[in-house]
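Contents: one structure, followed by commentary.
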Amino acid sequence: MASLLKAPSFVSPLQQKLNYVSFSSISTNMQSNFCRANVRNGRCHVPNMAIKAQVTVGGDVLDKESVATNKDENDYGAVSIHHVGILCENLEKSLDFYQNILGLEINEARPHDKLPYRGAWLWVGSEMIHLMELPNPDPLTGRAEHGGRDRHTCIAIRDVLKLKAIFDKAGIPYTLSKSGRPAIFARDPDANALEFTQVEG
């Protein structure tokens, strides 16, 4: 049913000539696209929607097609962090820390001999840390005492107090979260900062 509406802003080039616009016969090719809307990364995504309308302007009928694009143009399908690359000076020394202190296991399926440097892949849940024996451009001294004020890798864990006891027994320096949340910060043998934050479940 035709209705008489005040001219909306999208016809601004005609505003000097028009005071009212009549819309009729509105149809869409939505095909229930709203029902297929989904939520990803906390945002609602609705497929593209083309709307056709007849606009009556001063007795002349104009066909207008507008396309409402709700798809995020930058959504290329990011899923998760696959791995984090950490530089080390001595692979064995680093493996002693990551395996024997942190209890991480090597992913034997990852290639160790196809890169021009020594390294190891360590499982962290379903993601990995890639240790790379390469020169480290970062200084080993003069870094912030609290790893939360430096570049750091954060690992989700179940029990901060248990890890704190492990660090105490091994004599590894650490700091606790400055915000009071259950998290602990430490550094590996190459002064790479690591955060361990407690999660539920």
Side-chain angles (χ1 to χ4, degrees), residues 38-45 47 71-201:
N38 58 70
V39 176
R40 296 194 306 272
N41 297 328
R43 291 176 289 185
C44 181
H45 296 262
K71 184 179 179 182
D72 186 350
E73 294 296 330
N74 294 325
D75 184 4
Y76 52 86
V79 177
S80 68
I81 292 178
H82 182 269
H83 71 273
V84 174
I86 294 180
L87 302 179
C88 64
E89 182 180 20
N90 182 280
L91 182 61
E92 284 73 26
K93 187 175 180 181
S94 293
L95 284 174
D96 181 59
F97 173 80
Y98 283 93
Q99 287 186 288
N100 298 331
I101 302 297
L102 298 183
L104 303 184
E105 297 181 359
I106 290 181
N107 178 359
E108 299 291 354
R110 298 294 295 182
H112 297 284
D113 56 351
K114 295 186 178 181
L115 296 172
Y117 52 83
R118 300 175 70 224
W121 297 81
L122 299 159
W123 283 115
V124 183
S126 60
E127 286 75 38
M128 291 171 285
I129 286 176
H130 184 196
L131 291 177
M132 301 177 288
E133 191 178 81
L134 289 169
N136 192 336
D138 292 330
L140 296 180
T141 59
R143 309 286 285 276
E145 178 187 4
H146 181 59
R149 298 179 64 88
D150 197 354
R151 289 185 296 274
H152 61 277
T153 299
C154 182
I155 299 173
I157 64 173
R158 301 288 183 219
D159 193 338
V160 163
L161 292 179
K162 186 172 182 179
L163 181 58
K164 179 179 177 293
I166 291 171
F167 285 163
D168 284 335
K169 184 176 179 180
I172 294 173
Y174 59 83
T175 57
L176 300 176
S177 171
K178 302 299 183 184
S179 66
R181 63 190 173 83
I184 189 169
F185 294 79
R187 292 186 181 274
D188 73 2
D190 293 275
N192 296 302
L194 301 170
E195 176 185 354
F196 303 87
T197 187
Q198 184 170 304
V199 296
E200 300 297 327

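Note that the numbering runs from 1 along the sequence shown for the chain. FYI, side chains are in, hydrogens and waters are out, and symmetry mates aren't considered; it's all heavy atoms of this structure.
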Distance-only criterion, 3.5 Å: show the donor-acceptor pairs between side-chain atoms of residues 124-135 and protein atoms not counting sequence neighbours.
unit_1	atom_1	unit_2	atom_2	d
Glu133	OE1	Arg118	NH1	3.3
Glu133	OE2	Leu91	N	2.9
Glu133	OE2	Arg118	NH1	2.8

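- For Glu89, the CD atom counts as loosely surrounded, since its 6.0 Å shell holds 12 or fewer non-hydrogen atoms of other residues, nucleotides or ligands.
- The side chain to side chain contact (heavy atoms under 4.5 Å, CB included) search around Glu105 returns none, not counting sequence neighbours.
- For Val160, the side chain to side chain contact (heavy atoms under 4.5 Å, CB included) partners two or more places apart in sequence, or in a different chain, are Ile157, Pro182, Ile184, Gln198.
- A distance of 12.5 Å separates CD of Glu145 from CZ of Phe185, quoted to the nearest 0.5 Å.
- Asn136 is linked by a side-chain hydrogen bond (donor to acceptor under 3.5 Å, both in side chains) to nothing, counting only residues two or more places apart in sequence or in another chain.
- In this structure Asp190 satisfies the side-chain hydrogen bond (donor to acceptor under 3.5 Å, both in side chains) test together with Ser94, sequence neighbours excluded.
- A distance of 6.0 Å separates CG of Asp188 from CD1 of Ile86, quoted to the nearest 0.5 Å.
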Tell me which donor-acceptor pairs under 3.5 Å the side chains of residues 161-178 have, and how far apart each pair is, sequence neighbours excluded?
unit_1	atom_1	unit_2	atom_2	d
Lys164	NZ	Tyr174	OH	3.3
Asp168	OD1	Tyr174	OH	2.8
Asp168	OD2	Tyr174	OH	3.3
Thr175	OG1	His146	ND1	2.7
Ser177	OG	Ser179	N	3.2
Ser177	OG	Ser179	OG	2.9

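- Arg158 pairs by the salt bridge (charged side-chain N to carboxylate O under 4.0 Å, His left out) definition with nothing, not counting sequence neighbours.
- Remark: Arg151 CZ is loosely packed, at most 12 non-hydrogen atoms of other residues, nucleotides or ligands lying under 6.0 Å away.
- Summarising the local packing, CG of Leu115 is surrounded by more than 12 heavy atoms from other residues, nucleotides or ligands at distances under 6.0 Å.
- With sequence neighbours left out, the salt bridge (charged side-chain N to carboxylate O under 4.0 Å, His left out) criterion links Asp150 to Arg143, Arg187.
- For the pair Leu102/Phe97, a side-chain contact is recorded, criterion being any heavy-atom separation below 4.5 Å from C-beta on.
- Residues meeting the side chain to side chain contact (heavy atoms under 4.5 Å, CB included) test with Pro111, sequence neighbours left out: Asp113, Lys114.
- For the pair Asn192 and Cys88, the minimum side-chain heavy-atom distance is 4.5 Å or more.
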